[in-house]
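Here is the structure we will look at.
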Amino acid sequence: KWKGEGTTQNLESIVIGRCFNYIRIVNPAVGEKNCSQIWEAFKNAFINKDPCNILPKDYELFINLTFHTIPPNKSLFWENNQLLVNSFADRGRRYMSLGDTLFGFIGDFLNWCGQADSPGLDYESCPTTLECENNAVESFWRMASITYAQHSSGVIQVLLNGSAEGGAYPQPGFFADYEIPNLQKGKISQIFIWVVDDLEGPDLDSCGIRSVKTLETRLKTLGYDVTCTDNNKSVMFLLCLDNPDNSKCALASSAPAVQRGPISSD
Ligand code: ENP
């Protein structure tokens, strides 16, 4: 009856399995967590309730049970480039995006919703955010985003897609609406914005123009030290890995080095 995809099959096993995978293998530094209690808290946020009446605070216990600190300088916010961010962050080894925290890791790529007056999950369909914004998945990410932003510190990275149709900095959007307002000014030293175009995509947005300018102005007005860079080199190398012959992937010419001649001894 809803327009969105139904609950992911085997949700319980996936959530509990992801939880153990995270605390034992992906990031044991977070310490001991009770994965069955975490599943109960997750489920109780939306089970037996009207699927259009789930609020971020319904996930409060889930967040308390999964919470761990986010290492300073490792936060990576993003919009419209989830797969790129997944490989760039490298499950927390390079950066720790929300999807690399235990609370984000558990929900990533999943769908879920319950039904009023029934303890069962709805595997047929779930409400989209257009149908009702207070749905189980949307409220989960709102709560997770708020928590993630509140606990981010040091140097903050923001990776935006300069080819995105709705603008690199979409409004409304999670970053605009739930993350920026929850950053803790006193804990943040610097914000780097990286705008990267798709290799084949149009160059719609860049530092200093359109939606990115709006973002830069907003953050500066809030008092942050903001630096924006187009086509960050490390991210470009990652994109070019799958597309080495793209013209944007030509390595810098070695001619100048050759012209300099042999290395002198002085
Ligand atoms: P999209 O629409 O590009 O990608 C949505 C996909 O990313 C879904 O598979 C979703 O899991 C997963 N996901 C991972 N982290 C988030 C998230 N954090 N979030 C919503 N979905 C997330 O993503 P958005 O809507 O632009 O959100 C990007 C935001 O995530 C940025 O603000 C970034 O800073 C933040 P699922 O369970 O829906 O299948 C917050 C909202 O980390």
Side-chain angles (χ1 to χ4, degrees), residues 2-11 14-15 18-19 22 26 42-43 45-46 51 54 56 59 62-63 66 70 74-89 91-92 95-114 121-123 125-152 156-183 188 191-196 198 201 205 211-212 215 218-219:
W2 301 109
K3 294 205 174 72
E5 264 183 57
T7 301
T8 310
Q9 296 284 344
N10 309 104
L11 185 74
I14 295 174
V15 168
R18 281 184 175 183
C19 176
Y22 192 90
V26 177
F42 178 78
K43 184 179 71 175
F46 60 90
I54 313 298
Y59 288 99
F62 168 82
I63 290 288
T66 50
I70 295 152
K74 290 268 190 167
S75 287
L76 175 61
F77 295 87
W78 57 274
E79 289 285 2
N80 295 307
N81 46 25
Q82 188 193 18
L83 297 180
L84 174 63
V85 165
N86 284 167
S87 26
F88 191 51
R91 285 191 163 189
Y95 290 105
M96 189 178 279
S97 69
L98 175 52
D100 305 306
T101 65
L102 175 57
F103 39 104
F105 190 80
I106 286 179
D108 224 2
F109 296 105
L110 302 180
N111 246 329
W112 63 91
C113 63
L121 301 169
D122 190 340
Y123 292 100
S125 66
C126 289
T128 61
T129 298
L130 284 176
E131 288 174 289
C132 58
E133 63 171 336
N134 292 333
N135 67 65
V137 174
E138 179 76 12
S139 292
F140 172 90
W141 288 113
R142 287 183 184 179
M143 188 66 182
S145 283
I146 293 167
T147 309
Y148 178 71
Q150 284 173 338
H151 292 91
S152 289
I156 303 290
Q157 286 66 224
V158 187
L159 182 52
L160 302 177
N161 185 338
S163 304
E165 299 226 337
Y169 169 62
Q171 283 182 291
F174 283 98
F175 184 57
D177 301 329
Y178 298 96
E179 296 175 331
I180 295 179
N182 285 295
L183 293 172
I188 292 167
I191 301 183
F192 282 113
I193 303 170
W194 296 322
V195 185
V196 179
D198 294 339
D205 236 337
S211 79
V212 185
L215 171 63
R218 179 174 179 194
L219 293 174

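Just so you know, ligand 1 is whichever comes first in the structure, and atom 1 is the first atom listed for that ligand. Keep in mind that what you see is a predicted model, and the values were worked out from it rather than measured. Position 1 is the first residue of the sequence; numbering continues from there.
At a heavy-atom cutoff of 4.0 Å, ligand 1 is surrounded by Phe77, Trp78, Glu79, Asn80, Gln82, Leu98, Gly107, Asp108, Phe109, Leu110, Trp112, Val137, Trp141, Ser145, Phe174, Phe175, Glu179.
With no hydrogens or angles considered, a side-chain donor-acceptor pair links Glu131 and Thr128 at under 3.5 Å.
Here the OG-CD1 distance, from Ser139 to Ile54, works out to 7.0 Å after rounding to the nearest 0.5 Å. Once rounded to the nearest 0.5 Å, the distance linking OH of Tyr169 with CZ of Arg218 reads 4.0 Å.
Atom CD of Glu138 has more than 12 neighbouring heavy atoms from other residues, nucleotides or ligands inside a 6.0 Å radius. In this structure, Glu165 places its CD atom where only 12 or fewer heavy-atom neighbours from other residues, nucleotides or ligands lie under 6.0 Å away.
Below 30°, between 30° and 60°, or above 60°: for Tyr59 and Phe42 the angle between ring planes is between 30° and 60°, a tilted geometry.
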